[in-house]
Amino acid sequence: MTQRSSTLTALTILAALLVTPGPSHAGADLSAEARTVDAYFAALSSYYKDAELLRKKFYTATLDAGEIRALTPAVDALKKKADALQAQLPSIDSALRGVATKLKAANEFSTLDASLAATTDAKVRTLFQQNSLQQLFDSPNLTSLSSEIGAAANALQAKLTNRDAQTVNYRTTLACRVGTARLGLINRRGGAVTDQTLDVVSCNCNPTTADGRTGQGLGTGRSCADVMAN
């Protein structure tokens, strides 16, 4: 088994562990699409956590030029992760459109948003009310957001040569949409969303409050700064 396949297998297992099994849901079989989205969201979340750790190192005031150069391999590795995640986006678009196709064939698509909005979990319902899953599955167009992935790595690469280079806010629309799709698939397949997963998704969607304060994870109430860094 290659290193890449081993990594993807590990991420798929990790994603599966973050889902609390629930009763099965009759209807369209969305298991293949769910596995694809689960693995991608796990990889995307891991990438952003690595980026955040590196960002904190760059903003340590005591770093000298040699210490900054020593971070070059880690930044290069992060850029490779970004490139890989960008290359996978067409397959994620395809998986989400596949969900819409299957739900339409099972006559379950037209009522999807209404059924998700009626979920008994008020915290999860908050995110479903922010985003239309019908629209996301039918016309995902996530590839148009690929530049958001590279923004974190690109900003850190700029720091290697210019310590005064500006940083960027890389809590992205992409991560929010993929995470919300994942929550929808968990719910649709009869699973229960864990607080850990809900924290990560909600902090990608709402990293700050309307008045500019750091947001809180909907699962546990932890600070989003803490959620996204650990």
More than 12 heavy atoms of other groups within 6.0 Å of Gln135 CD: no

Residue pair Ala153 / Leu78: nearest heavy atoms and the distance that separates them: CA-CD2, 4.0 Å

Side chain to side chain, Val227 and Gln216, heavy atoms closer than 4.5 Å: no

Heavy-atom check, side chain of Leu44 versus side chain of Ile149, under 4.5 Å: yes

Intermediate values then yes/no, side-chain contact (heavy atoms from CB on, under 4.5 Å), Leu142 and Leu174: CA-CA 7 Å; Leu142 297 181; Leu174 173 64; 3.9 Å; yes

From CA spacing to verdict: side-chain contact (heavy atoms from CB on, under 4.5 Å), Leu96, Glu33: CA-CA 7 Å; Leu96 296 185; Glu33 291 79 8; over 6 Å; no

Distance-only polar pair, side chains of Thr197 and Thr194, donor-acceptor under 3.5 Å: yes

Close side-chain approach of Pro140 and Arg177, heavy atoms under 4.5 Å: no

Any donor-acceptor pair under 3.5 Å from Asp226 side chain to Arg222 backbone: no

Asp29 backbone acceptor or donor facing Lys102 side chain under 3.5 Å: yes

Check: Leu136 and Asn131 side chains under 4.5 Å, non-hydrogen atoms: no

Distance in Å, Tyr48 OH paired with Glu148 CD, rounded so as to fall on 0.5 Å steps: 6.0 Å

Nearest-0.5 Å distance, OG of residue Ser147 to CG of residue Asn154: 9.5 Å

Polar side chain donor-acceptor pair, Thr209 to Asp211, under 3.5 angstrom: yes

Minimum-distance pair of heavy atoms, taken over all atoms of Ser132 and Asp113: OG-OD2, 2.7 Å

Between Thr220 and Asp199, a side-chain donor and acceptor under 3.5 Å: yes

CA sep, side-chain torsions, deciding dist, call: Val193, Asp121, side-chain contact (heavy atoms from CB on, under 4.5 Å): CA-CA 9 Å; Val193 177; Asp121 190 325; 5.5 Å; no

Side chains of Leu183 and Asn187 in contact at under 4.5 Å (non-hydrogen atoms): no

Heavy-atom pair with the smallest gap, counting every atom of Ala152 and Tyr47: CB-OH, 3.7 Å

Contact summary for Ser46 and Lys81, nearest pair of heavy atoms: OG-NZ, 4.5 Å

Distance under 6.0 Å and angle within 45° of ring axis: Lys104 vs Phe109: yes

Nearest heavy atoms of Pro90 and Thr143, plus distance in Å: N-CG2, 3.7 Å

For Leu112 against Arg188, the heavy-atom pair lying closest together: CD1-CD, 4.0 Å

CG on Leu127 to CG on Leu198, rounded to 0.5 Å: 6.0 Å

Heavy-atom check, side chain of Val201 versus side chain of Arg182, under 4.5 Å: no

Separation between CZ of Arg35 and OG of Ser31, rounded to the nearest 0.5 Å: 4.5 Å

Criterion side-chain contact (heavy atoms from CB on, under 4.5 Å) on Val124 and Phe128, from CA distance to verdict: CA-CA 7 Å; Val124 177; Phe128 290 154; 3.3 Å; yes

Pairs involving residues 83-97, ordered by first then second residue, that meet salt bridge (charged side-chain N to carboxylate O under 4.0 Å, His left out) (sequence neighbours left out): Lys79-Asp83

Pairwise side-chain contact, Gln134 with Asp138, heavy-atom cut-off 4.5 Å (strictly under): no

Glu108 side-chain N/O to Leu103 backbone N/O, donor-acceptor pair under 3.5 Å: no

Distance-only side-chain donor-acceptor flag, Asn206 / Gln130, under 3.5 Å: yes

pair Thr101-Phe137: side-chain heavy atoms closer than 4.5 Å: no

Between CG on residue Asp76 and CD on residue Gln157, distance to nearest 0.5 Å: 6.0 Å

Pair up each side-chain donor or acceptor in residues 65-72 with any protein partner under 3.5 Å, not counting sequence neighbours, and list the distances.
unit_1: Glu67; atom_1: OE1; unit_2: Asp64; atom_2: N; d: 2.7
unit_1: Thr72; atom_1: OG1; unit_2: Arg69; atom_2: O; d: 2.8

Criterion salt bridge (Lys or Arg N to Asp or Glu O under 4.0 Å) on Arg55 and Glu52, from CA distance to verdict: CA-CA 5 Å; Arg55 188 191 69 81; Glu52 178 64 11; 3.0 Å; yes

